[in-house]
Structure formats: C-alpha cells, structure tokens
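Following: one structure in structure tokens, then a few remarks.
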Amino acid sequence: MTTAREPSATSAPANPSDAPSVHGDDTWSPRLWGTLIVLCAALFLDALDVSMVGVALPSIGDDLHLSTSTLQWVVSGYVLGYGGLLLLGGRAADLLGRREVFLIALAVFAAASLLGGLVDNGGLLIAARFVKGVAAAFTAPAGLSIITTTFAEGPARNRALSIYTVTGASGFSLGLVLSGLLTSVGWRFTFLMPVPVALIALAFAFRLLPRQPRPERGTGGYDIAGAITGTGSLLLLVFTVTEAQSAGWASARTVLSLIVVAALAAAFLVIEQRTAHPLVRLGIFRNGGVARANLTALALFGSYAGFQFVATLYLQRLLGWSALEMALAFLPAGALVALSATKMGSIVDRFGTGRLMLGGVLSLTLGYVLFLRLDEHSSFVGLVLPSMVLLGIGFALGFPSVNIAATNGVSDDEQGLASGLVNTAFQVGSALVLAAATAVITAGSNGGQSPAAQLDGYRPALLVITGISLLGFLVTAVGVAVERNRKQPVAVPDYDYSATAVGSNSEVLSPR
C-alpha cells in the first residue's frame, strides 16, 4: 500500500511561489491588504447567501407559485452544491492552482446570482441556486488556502484568518437583516444584490491575487475514483438528509440512500488508503488539532444553524414578529462578531486556539440554555437579547479559532485540502442538525398549530441543539487537556556535584 507523506508544520512549500510572503504584523503592504479584502468579500457573499434567502422564501413561493416541498429546494439546492463539493473544491485548488480556481468560481457565482434574480420558473431558480452552491464550494477553500499560503503561520496568519473568518461569520449573521430589508422592496433583490459586489471583487482579484506556476501534476495523476466516491457520498448524504423529512426517516428510500452513502464512503476510504495521490490524504487526521477542529466545526456551526431555524419559526409563527423584526433580533449577535474582526488575531496569539474554541462553544451552549426559557409571551429583552449576546461572543471566539486550528501544522501543498475539510464540516454539520431539529419539531408538535403544540416541538429541538453543542464543548475540552499535558515540563533531578569522585575521569553524580 502506497501512502503519501505526513504533514509537517515546518515542511517546505510545494513550489517557491507558494512560500509565505509575510513574516510579521507590521509589514502588510497596501497590495496585501487589498488581497485580503477581496478574499473577505467573496467569503462574505458565500455566507450571506446561506442565510439571506430564508426570509425571502414566502415571497418567492407566492410570486412563482411554488409548493412548500418545491420551495425548500431553493435553500437545499445551494446547500447540496456547497456541502457536497467542498472536498473536491479544496483539492482542485491544490492541484489546478488556487488563483485560477478562485477566479473562475467567483465568475460563475456572479453569473448564477444574476440568473437567480431574473428567472420566472421554480426549476430554473433551483438550478441557479445549485450552481451558485457549487461555485461557493470552490471559492471558499481556494480563498482560505490562498491566505494560509500567503501569510506565515503565527501572528500574521492568525490576524489574517481572524479578519477573514469573522467576515464570513458577519455575512451569515447580517444576511438575515439584509434579507429583511431587501425583501420588503422585492425578493429578486436578494439574488441581484451580490452580483455587482462579486463583479467588483472579481476585477480586483484578477489584479491583486498572486500569480503562481501551475502545480506539478505528479506521476500518479489525479484521484478520479476518490473524487467520484467521495463527492458522490457527500452529495447523496446531503440530499438524503434534506429529503428525509418529507420522505420519512424510516422509509425505504431514506434507508436505501443511507446504505448507498455508507458503501460509497467505505469505498472512498479504501481508495484513499491505496492510491499514491489521494483526494483526501487520511494521514492529515493524525494531526490531533486538525481532527478536533473539524469535529468542533460540526458542532459549532451545526448547532447554530439549527438554533437559527428554531428561533426563526418561534419568533415569526408563535410570537407573530415580522420578518424584519426577527432579522433585527439577530443583529446583536452579528454586530458583536463584526466588531471583533480586528481584535481576534491578537486574542488568538495570547490565549491560543484551544482555549478560544472552548470558550466559544461554551458561550454558544449557555446561549441555547437561556433560550430554553421560551414561552407564549417572551420578550426581546428578557429572552432573545441575552441569548444573542452569548451567541455573538461564542461565534466571535469560536469561528476564527476553529479555522486557524484546522489549517495549522499543515504543509502548504495541502492547505486547500485542509480548508475544504473544515468548510465541509461546517456545511455537513448544518445539514444534519437542521434535519434533526426539523424532525424533532414535527414529532413534538404532532402537526398542531396552537401555541402549546408549537412549544412542544420547539423545546425538544432546542434540547437536541444544546446537546450537540455540549458534545462540541467536550471534544474541545479534551483537546485543551491533551495540549496542556504535552506542554508540562519534564522534571530534571537536581544533582549534587559535591559527590563527584576525585581523581576519576568520569563524574559520579548523586541526586540531592
């Protein structure tokens, strides 16, 4: 069995052009700042699109005469393309060139956004959303790996990644607010608004992103079989989880799909162990920090996506808030995340990624626990605001530190892979927890629409979400404990040199 080499924090870049060009926080040139801003803009649009369309769904359904089952694919189509192809997108960035992959994918994203805002057919809208998700699956890992191969590991990279990832978190949080404002004018603006931003970012990216020689293909070629089985298993998993609610978790279709997912995943693991040039080198998970960061990403983003879904239903359906009022209720969390952008780099340098991930997931868990007090007459100040403050703090601490930990200690030629893995963890966690929360709500309420019936669905769903977040906290706590034990100094005996034998060529030392 042929295996690839292990990653090393000190391994040389795959080619000289990939070498980090920044070695300190005080040497950032205007061009370098411009590069970072362009990459942040692309990630902001990716994250914005995940959350922004949700508020516009009722208007889209009314205008295009879409049924509820068809309407959910306006969201699911994007998630399917994004979550299913992230691994392939990350590896493509490593193999085909990060700059080239980023530019092409951003152009496709802009075109799909324009198409989504102009169509008058539900099928075309869903297709545009899927293509948009595919484009995001290539821009996100390519952009992240450009940062990790441009900024040296340490304070410079921590600062850059903190700004980058907090920008993404801000896009996700502020997408609800922007969508509420744009939908009041017309739902099509939620699709058209990203077009000029994407085109401007594309123009600057073409000028600013560093040109790099095309990576050498190598004698083993590309892992086609791994790409087919790995991507196929992820696509089918996301599709199955998304459809399970309507088809039934115990239905023959769902069970058969999950069996096929397991078979494809098993085949993928066997292929990756045997090929000389794998799509995902499994040895990357021997880096404990990378493995724990991906597990934490699953819990962090998955629990938040599930919470946002439950809170949106609760605030609009039970309390009767408007879409804009609900969006503004999430604003404190988004504002805290955005305000922390320039400070997180120095905070990471001081406390380390492990402690910040631990504090972030703990803050999220406490926010979910506080929201369990929901009832038929909850107020913004009494219920929503305390949770949103804790969620904002949790996301500000956890999101950047997870991304930094997931790419630290990984060689430059595998930064695209590491970036694709952590982004996949975010999206798969979101799809799985969202499906679980939906199933629990449906089972708990038994289809009832009374306030009591709705609360019987929301409370158990929040308990599930809180439990998943708590599991993420435990994983992170184990990681912090492991790292602390590794750093414990080894006790050295204090020898008594007075006992040295006189006249001897060798010293005889006696511990005190």
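Predicted model only: the values in this text are computed from it and were never measured. Just so it is clear, the values below take in all heavy atoms, side chains as well, and ignore hydrogens, waters and symmetry mates.
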What's the spacing between Thr466 OG1 and Leu470 CG if we round to 0.5 Å? 8.5 Å
Atom CG in Asn408, atom OG1 in Thr148: separation rounded to 0.5 Å? 9.5 Å
Could you pull out the closest heavy-atom pair between Gly226 and Ile271, with the gap in Å? N-CG2, 3.8 Å
By side chain to side chain contact (heavy atoms under 4.5 Å, CB included) - contacts of Leu199 (at least two apart): Ala110, Val195
With sequence neighbours excluded, tell me which residues meet side chain to side chain contact (heavy atoms under 4.5 Å, CB included) with Pro141. Leu86, Ser419
Residues that Val310 engages under side chain to side chain contact (heavy atoms under 4.5 Å, CB included), provided they are two or more places apart: Ala437, Ile441, Tyr458, Ala461, Leu462, Ile465
Taking the side chain as every heavy atom from C-beta outward, state whether Leu474 and Val478 have any atom pair closer than 4.5 Å. no
With side chain to side chain contact (heavy atoms under 4.5 Å, CB included) as the test, pick out the partner of Asn158 among Ile163, Asp349, Thr353. Asp349
Separation between CZ (Arg157) and OG (Ser162), nearest 0.5 Å, reads 12.0 Å
Counterpart residues, side chain to side chain donor-acceptor pair (under 3.5 Å), relative to Arg355 (two or more places apart): none
What one should report as the nearest heavy-atom pair of Met388 and Pro332 is CB-CB, 4.2 Å
Does the side chain to side chain contact (heavy atoms under 4.5 Å, CB included) test come out yes or no for Leu161 and Leu144, once each step is laid out? CA-CA 8 Å; Leu161 280 179; Leu144 181 56; 3.2 Å; yes
May I have all residue pairs that pass side-chain hydrogen bond (donor to acceptor under 3.5 Å, both in side chains) and include part of residues 289-307, sequence neighbours excluded? Arg292-Glu483, Thr296-Thr476, Ser303-Tyr368
Stepwise side chain to side chain contact (heavy atoms under 4.5 Å, CB included) check, Leu300 with Phe395: CA-CA 8 Å; Leu300 186 148; Phe395 233 78; 3.8 Å; yes
Counting only N and O atoms by type, is there a donor-acceptor contact under 3.5 Å from the side chain of Arg129 to the main-chain atoms of Val74? yes
Donor-acceptor under 3.5 Å (Thr275 side chain, Glu272 main chain): no
Side chain to side chain contact (heavy atoms under 4.5 Å, CB included) between Ile284 and Arg281, intermediate numbers included: CA-CA 6 Å; Ile284 196 171; Arg281 191 182 59 77; 3.9 Å; yes
Holding to side chain to side chain donor-acceptor pair (under 3.5 Å), I want the full list of residues that pass it with Thr190, two or more places apart in sequence or in another chain. none
Are the side chains of Val108 and Phe138 in touch, meaning some heavy atoms are under 4.5 Å apart? no
Could you tell me the separation between the CE atom of Met357 and the CG atom of Leu362, rounded to the nearest 0.5 Å? 13.5 Å
Atom CG in Leu192, atom CG in Leu118: separation rounded to 0.5 Å? 5.5 Å
Contact between Phe151 and Leu32 at the side-chain level, heavy atoms closer than 4.5 Å - yes or no? yes
Heavy-atom side-chain proximity of Leu209 to Phe204 below 4.5 angstrom: no
Contacts table for residues 35-48: side-chain donor-acceptor under 3.5 angstrom, sequence neighbours left out:
residue	atom	partner	partner atom	Å
Thr35	OG1	Arg31	O	3.0
Thr35	OG1	Leu208	O	3.4
Asp46	OD2	Thr139	OG1	2.9

Quick one: are Val290 and Val422 in side-chain contact, heavy atoms under 4.5 Å? no
Determine whether a donor-acceptor pair (N or O, by modelled atom type, separation under 3.5 Å) exists between the side chain of Arg188 and the backbone of Gly117. yes
Name all pairs fulfilling the ring-ring contact (aromatic ring centres under 6.0 Å, His included) condition that reach into residues 279-300, sequence neighbours left out, sorted by first residue then second. none
Using every non-hydrogen atom in the two residues, find where Ala136 and Tyr82 come nearest and quote the distance to one decimal. O-CE1, 3.6 Å
Applying side chain to side chain contact (heavy atoms under 4.5 Å, CB included) to Ile393 and not counting sequence neighbours gives Leu336, Ser363, Val389, Leu397
Might you point out which heavy atoms bring Ala198 and Phe109 nearest each other, and give the distance in Å? CB-CD2, 4.4 Å
Any cation-pi pair here, Arg159 with Tyr164, using under 6.0 Å and within 45°? no
Considering all heavy atoms of both residues, which atom of Leu364 and which atom of Gly394 are nearest to each other, and what is their separation? CG-CA, 4.1 Å
Separation between CG of Leu471 and OG1 of Thr365, rounded to the nearest 0.5 Å: 9.5 Å
Residue set satisfying side chain to side chain donor-acceptor pair (under 3.5 Å) with Thr407, at least two apart, ordered chain then number -> none
For residues 412-437, which residue pairs pass the ring-ring contact (aromatic ring centres under 6.0 Å, His included) check, not counting sequence neighbours? Phe301-Phe426, Phe399-Phe426
In terms of heavy-atom contacts, Ala105 and Ala135 come closest through O-CB, 3.4 Å
Residues passing the side chain to side chain donor-acceptor pair (under 3.5 Å) test with Ser113, sequence neighbours excluded, are Lys132
Going through the checks in order, is the side chain to side chain contact (heavy atoms under 4.5 Å, CB included) test met by Val361 and Ser469? CA-CA 7 Å; Val361 180; Ser469 183; 3.8 Å; yes
